[in-house]
Amino acid sequence: MAIPRPRHAVRTLFEVPAALRRLSRACSTFHAFTDVLRLPKRQMTKLVFPLQELERQLTPDSRLDLHVKIFDPSLEDISKAEAVFTATSRNRISYLSSAVRLDHAPDLPSPEVCFIGRSNVGKSSLIKALFSLAPEVEVRVSKKPGHTKKMNFFKVGKYFTLVDMPGYGYRAPEDFVDMVETYLKERRNLMRTFLLVDSVVGIQKTDSIAIEMCEEFALPYVMVLTKIDKSSKGHLLKQVLQIQKFVDRETQGCFPQLFPVSSVTYSGIHLLRCFIANITGNLKTDGL
Ligand code: GDP
């Protein structure tokens, strides 16, 4: 997978998005971890550690390992990570700026994480869910065909910056591809790239190209599986096992543990917040 790919292969990754869609999903009641801790244990585990819940369904003789314990923070650590994502007068969380070129990007000393994925994969919804403890943050989306696609920067207090990258598809304008490539290759404070894959359909061709791009640039990246509430348990398990196999066999730079999430039920969101808090150096959980 780490074979260098010609730039034109990367260029097929992006497209003008299909249509403008407004997210109107009802908010979950599980924004804050204190609410989650009141749930019965089984329900809480399902919400906080969705991968563990899936692993329970594997037959004992299954030799496939879902690597559920590589990042396995305590509930206390997950609780601590909430502080990083909670807006207060001392922890201002806000949209900062947008850029179409790396030299227009804000020059901040704080660590950065970025989110990439196909249009419609659920990226805006996921970022909104991560920022649900800072409800005034507006996650901007530019989905109209022909509209300039931008990288959107969000400042999370003194802790880190989160970058929402434009959604990709086929036939992107050249300058747009250059923007994404240049950012991924040259952003010095980029700590981790979160690559979103729709768990309902699994890894698609455009996802593969994005994965190859991450591998080619030797980026440390993490696969986040979106919309896990949409499938039956059986279908989800099948997809997750397939993706896990792919990550184990075909990738070098991908973090071995998958992060299944739902922006509707908030499943996996608290764990992902905790992981981001760790990756950006704001929390120290054993095993990372
Ligand atoms: P983006 O283009 O990647 O930013 O995708 P959006 O966040 O706009 O989501 C695309 C569509 O998927 C919208 O109709 C969302 O309501 C829906 N969606 C996003 N995340 C989820 C999820 O976790 N569960 C379900 N059921 N639908 C989702």
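No hydrogens, no waters, no symmetry mates; every other heavy atom, side chains included, goes into these values. Counting starts at 1 for both ligands and their atoms, following the listed order. All values reported here derive from a predicted model rather than from experimental measurement.
By the 3.5 Å distance cut-off applied to N or O atoms, G122 is counted among the residues near ligand 1. For ligand 1, the polar-atom distance check against K123 finds a nitrogen or oxygen pair separated by under 3.5 Å.
Taking the six-membered ring for Trp, F85 and F160 have ring centres closer than 6.0 Å. Between Y221 and F255, the ring centre distance reaches or exceeds 6.0 Å.
Taking F259 as the reference, F275 meet the ring-ring contact (aromatic ring centres under 6.0 Å, His included) condition, with sequence neighbours excluded.
At least one heavy atom of N120 lies less than 4.0 angstrom from ligand 1.
In the vicinity of S119, heavy-atom distances shorter than 4.0 Å reach the ligand 1 atoms 2 (O). For ligand 1 and V264, the ligand atoms under 4.0 Å from any heavy atom of the residue are 22 (C), 23 (O), 24 (N), 25 (C), 26 (N). Residue K230 has at least one heavy-atom neighbour below 4.0 Å for each of these atoms of ligand 1: 25 (C), 26 (N).
Counting heavy atoms closer than 4.0 Å to ligand 1, residue S262 contributes atoms from both its backbone and its side chain. Counting heavy atoms under 4.0 Å from ligand 1, residue L196 does not touch it at all.
Summarising the local packing, CD of E136 is surrounded by more than 12 heavy atoms from other residues, nucleotides or ligands at distances under 6.0 Å.
You'll find the side chain of V222 stays beyond 4.5 Å of the side chain of T193, heavy atoms only.
Contact check on E53 versus R42 returns a salt bridge, with a Lys/Arg side-chain nitrogen under 4.0 Å from an Asp/Glu carboxylate oxygen.
The residue from S125, S231, S124, P166 that puts a heavy atom closest to atom 4 (O) of ligand 1 is S124. The option from D229, I269, T265, V121 that lies nearest to atom 24 (N) of ligand 1, judged by heavy atoms, is D229.
A salt bridge (charged side-chain N to carboxylate O under 4.0 Å, His left out) check over residues 105-116, counting only residues at least two apart or in different chains, returns the pairs E112-R187.
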